[in-house]
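Single-structure report; data block below.
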Amino acid sequence: MVHLGPKPPQHRKGSYLDVPEDLLAELHKFEELFTVSAETLQKITDHFVTELDKGLSKSGGNIPMIPGWVLDFPTGKETGDYLAIDLGGTNLRVVLVKLGGNRDFDTTQSKYPLPSTMRTAKSEDLWDFIAECLKKFVDEEFPHGVSEPLPLGFTFSFPASQNSIKEGYLQRWTKGFDIEDVEGHDVVPMLQCAIEKRKVPIDVVALINDTTGTLVASMYTDPETKMGLIFGTGCNGAYYDVCGDIPKLEGRLDSDIKPDSPMAINCEYGAFDNEHAVLPRTKYDLIIDEQSPRPGQQSFEKMISGYYLGEVLRLVLLDLCARDKIFKGQDLTKLKQAFILDTSFPAKIEEDPYENLSDVQDLFQSVLGIQTTSAERKIIRALAEKIGERSARLAICGIAAICKKRGYKTAHCAADGSVYNKYPGFKERAAKGLRDVFQWETKEDPIIIVPAEDGSGAGAAIIAALTEKRLKEKKSVGVKKV
Ligand SMILES: Nc1ncnc2c1ncn2[C@@H]1O[C@H](COP(=O)(O)OP(=O)(O)O)[C@@H](O)[C@H]1O
Ligand SMILES: O=P(O)(O)OC[C@H]1O[C@@H](O)[C@H](O)[C@@H](O)[C@@H]1O
């Protein structure tokens, strides 16, 4: 019998007996600010539906709703070896995908953290970094070389306009990126050129968004999948619409693409409500927006995604310090550093199982050099819970809106990203948010969020395979040539 010693308690009971009245009053104010009622969720969702429709209209709207030029559903029979790269907000992944042809696939992959300076580097530094990682990976996996160039699916997790599957004009950087000379340009030739400079035997065959990859990869293994979702550094969703329901594509399709042909849409719904019509923004959200490289953009994303949740908590704590409510006499130098807290920080606060929050005490000491009192830790815990809960509840509005727009009564909504996979309570809070919107009477929820397949890896490979098949059959993979 292995003696593991006393197990930590499953969860905290929590009590506020030792919290001073004025601090409790502050907490009640924050609870008001960060609570999103069922009625508010329903109102936000209904506005979200109209915004999704507007994004597909000829005049467009806040939400880009980018046709992703994936015009087929995966059959599960796709086969072959494909390379995929996933340029996300935090990491670059290189994946070798072997599609088994029986709704199965095998992957070999390496993950390269993006250098912290990459967000504001020069354009060529970004493409050189990716090409270098690709060279390293291919040299390791194919030490004896390859007989012909490896087809690559390029997962580019940013809003990129596409007139065909093999291009992507970056509309704007998000998630704190601000690299010059890329916005407005097609990123595929930029990458291909850096690859060729290093003589790496790779041919970029498709550019996809990670949510489109998530949708396709998850549908490959689970035909009940209706959308692909990312709750990671950023947030976004993709679903299949039909070409005949996309007004902005009218007159732009070749005759081989019929009105009932499926079309994957990369919503880019992090941009929802840039007009600030419905989202319950706080002064902390306004500060984050004003101090971001792209003020006025990504209003929805800035309230719920991983790049920002730690910063929201930091601003709230700073506000309490400014009014001398907490951390009296403490050195706040680190706490004053923007983005010093990534979202694993509030996540760890919420995971502390101890009544006296001793893990939180250690966390504040080690990361911020701040000694906390028991009362302060209890308020900090409650704040982290409210910020985490708001993220999860708002996050489901995009899911509910897509279901309402497409009339889905049941759905598997495939989600990926560290906030979905790692933030404590996110799954349960999101499920409760969906119940609050739909007010289901059934015992089982008909619309559920499920773990996604590897969209940026397998999804990119499957889409590359679908694209190669269409090209072989001389079918369109973009707008008709004028
Ligand atoms: N334990 C955690 N809980 C919640 N979020 C986390 C956790 N650890 C990291 N994060 C956040 O997840 C984001 C990274 O998301 P991930 O999906 O891993 O990468 P990417 O967004 O590049 O695909 C970062 O913003 C980070 O702050
Ligand atoms: O996987 P990540 O980096 O968290 O990205 C999620 C989303 O982040 C948004 O900022 C991008 O505009 C989307 O294209 C992307 O899908």
Side-chain angles (χ1 to χ4, degrees), residues 63-66 68 85-93 95 109 111-114 116 118-119 154-162 168 170-178 183 187 207-215 227-238 264-272 274 292-294 297-314 339-352 363 384 387-388 391-392 395 398 415-427 429 451-452 454-457 459-460:
I63 305 179
M65 301 297 276
I66 301 170
I85 52 168
D86 168 19
L87 175 62
T90 303
N91 310 293
L92 171 77
R93 275 188 319 134
V95 193
Q109 56 182 306
K111 181 159 103 170
Y112 309 88
L114 286 178
S116 57
M118 190 54 77
R119 280 187 156 85
F154 176 17
T155 301
F156 182 61
S157 304
F158 297 91
S161 303
Q162 294 186 274
L170 176 64
Q171 293 183 354
R172 68 192 68 79
W173 286 116
T174 62
K175 297 171 284 194
F177 276 64
D178 189 14
E183 287 174 323
V187 296
L207 178 111
I208 69 157
N209 183 263
D210 54 345
T211 53
T212 311
T214 301
L215 167 67
M227 62 187 83
L229 306 158
I230 299 285
F231 302 108
T233 309
C235 81
N236 190 19
I265 300 286
N266 161 26
C267 297
E268 288 295 341
Y269 64 41
F272 169 62
N274 283 341
S292 71
R294 298 286 180 280
Q297 298 290 348
Q298 303 297 94
S299 300
F300 185 54
E301 178 168 85
K302 286 171 180 171
M303 293 176 79
I304 69 172
S305 72
Y307 188 61
Y308 303 100
L309 293 182
E311 181 66 0
V312 175
L313 175 66
R314 186 186 74 87
F339 287 93
I340 190 170
L341 305 180
D342 87 8
T343 298
S344 62
F345 193 88
K348 287 173 189 146
I349 293 172
E350 287 213 54
E351 279 159 355
D352 188 339
L363 192 63
I387 292 167
S391 163
D416 202 355
S418 288
V419 172
Y420 171 75
N421 289 316
K422 295 183 196 168
Y423 199 96
F426 186 93
K427 298 182 172 81
R429 289 162 170 170
D454 172 12
S456 312

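In each ligand, atom 1 is the first atom listed, and ligand 1 is the first ligand listed.
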Contact (N/O only, under 3.5 Å) between Gly234 and ligand 2: yes
Donor-acceptor under 3.5 Å (Lys302 side chain, Gln297 main chain): yes
Between Leu309, Thr343, Leu92, Asp416, flag the one that comes closest to atom 11 (C) of ligand 1 by a heavy atom. Thr343
List the closest protein heavy-atom neighbour of atom 12 (O) of ligand 2: residue, atom name, distance to the nearest 0.1 Å. Glu268 OE1, 2.6 Å
Given that the side chain starts at C-beta and the backbone is N, CA, C, O, which of these parts of Tyr423 lies under 4.0 Å from ligand 1, counting heavy atoms, or is it both or neither? both
Specify the protein heavy atom at minimum distance from atom 9 (C) of ligand 2: its residue, its atom name, and the distance to 0.1 Å. Glu301 OE2, 3.0 Å
Quick one: which ligand 1 atoms are inside 4.0 Å of a heavy atom on Thr90? 14 (C), 22 (O), 24 (C)
Side-chain touch Tyr307/Gln298, heavy atoms, less than 4.5 angstrom: no
Nearest-neighbour protein heavy atom for atom 2 (P) of ligand 2, which is reported as residue plus atom name and distance: Lys175 NZ, 3.5 Å
Does the N or O separation between Ile230 and ligand 2 drop below 3.5 Å for any pair? no
Is atom 15 (O) of ligand 1 in close reach of the protein, with a heavy atom under 4.0 Å away? yes
For the residue pair Leu170 and Phe156, establish whether any side-chain heavy-atom pair is separated by less than 4.5 Å. yes
Atom 8 (N) of ligand 1: the protein heavy-atom neighbour that sits closest, reported with distance to 0.1 Å: Ser344 CB, 3.6 Å
Measure the distances from the heavy atoms of Pro159 to every atom of ligand 2 and state whether one is below 4.0 angstrom. yes
Under 4.5 Å between any side-chain heavy atoms of Leu114 and Leu87, yes or no? yes
Taking NZ in Lys427 as the centre, count heavy atoms belonging to other residues, nucleotides or ligands within less than 6.0 Å. Is the count above 12? yes
When you measure from the side chain of Asn236 to the backbone N and O of Glu268, does any donor-acceptor pair fall under 3.5 Å? yes
Atoms in ligand 1 flagged as close to Gly417, the criterion being non-hydrogen separation under 4.0 Å: 17 (O)
Can you tell me which residue among Thr90, Asn91, Thr174 is in a side chain to side chain donor-acceptor pair (under 3.5 Å) with Thr233? Thr90
Passes side chain to side chain contact (heavy atoms under 4.5 Å, CB included), Arg294 versus Phe177? Steps please. CA-CA 9 Å; Arg294 298 286 180 280; Phe177 276 64; over 6 Å; no
Backbone or side-chain N or O of Thr233 under 3.5 Å from ligand 2 N or O: yes
Which of the listed options, Pro424, Gly306, Ser456, holds the heavy atom that is closest to atom 26 (C) of ligand 1? Gly306
Rounding to 0.5 Å, atoms CG (Leu313) and CG (Leu309) come to a distance of 9.5 Å
Atom 21 (O) of ligand 1: closest protein heavy atom, distance to 0.1 Å, is Thr233 OG1, 2.5 Å
Where's the contact between Thr174 and ligand 2, heavy-atom distance under 4.0 Å: side chain, backbone, both or neither? side chain
Glu351 and Lys348: salt bridge (Lys or Arg N to Asp or Glu O under 4.0 Å), yes or no, with the steps? CA-CA 5 Å; Glu351 279 159 355; Lys348 287 173 189 146; over 6 Å; no
Take Glu301 and Arg172 through the salt bridge (Lys or Arg N to Asp or Glu O under 4.0 Å) test and state the conclusion after the steps. CA-CA 14 Å; Glu301 178 168 85; Arg172 68 192 68 79; over 6 Å; no
For Gln298, the ligand 2 atoms whose distance to one of its heavy atoms is below 4.0 Å: 10 (O)
Atom 10 (N) of ligand 1 [closest protein heavy-atom partner, distance rounded to 0.1 Å]: Ser418 CB, 3.9 Å
Mark yes or no for whether Gln162, through its side chain, and Ile66, through its backbone, hold a donor-acceptor pair below 3.5 Å. no
For atom 23 (O) of ligand 1, grab the closest protein heavy atom and report residue, atom and distance to one decimal in Å. Gly88 CA, 4.5 Å
Please state which protein non-hydrogen atom is closest to atom 1 (O) of ligand 2 and give its distance, to 0.1 Å? Asp210 OD2, 2.6 Å
Please identify which atoms of ligand 1 are closer than 4.0 Å to at least one heavy atom of Tyr307. 25 (O)
Indicate the ring-plane relationship of Tyr420 and Phe426, choosing parallel, tilted or perpendicular according to the 30° and 60° boundaries. perpendicular
Using the rule given for salt bridge (Lys or Arg N to Asp or Glu O under 4.0 Å), can you reason through Asp86 versus Lys111, listing the C-alpha separation, both sets of side-chain angles and the distance that settles it, and then say yes or no? CA-CA 9 Å; Asp86 168 19; Lys111 181 159 103 170; over 6 Å; no
What residue and heavy atom of the protein are closest to atom 1 (N) of ligand 1, and at what distance? Lys422 CB, 3.6 Å
Out of Asp86, Leu114, Asn421, Asn91, who is nearest to atom 19 (O) of ligand 1 when you count heavy atoms only? Asn91
Of Ala347, Ser391, Gly455, Gly234, which has the heavy atom at the shortest distance from atom 3 (N) of ligand 1? Ala347
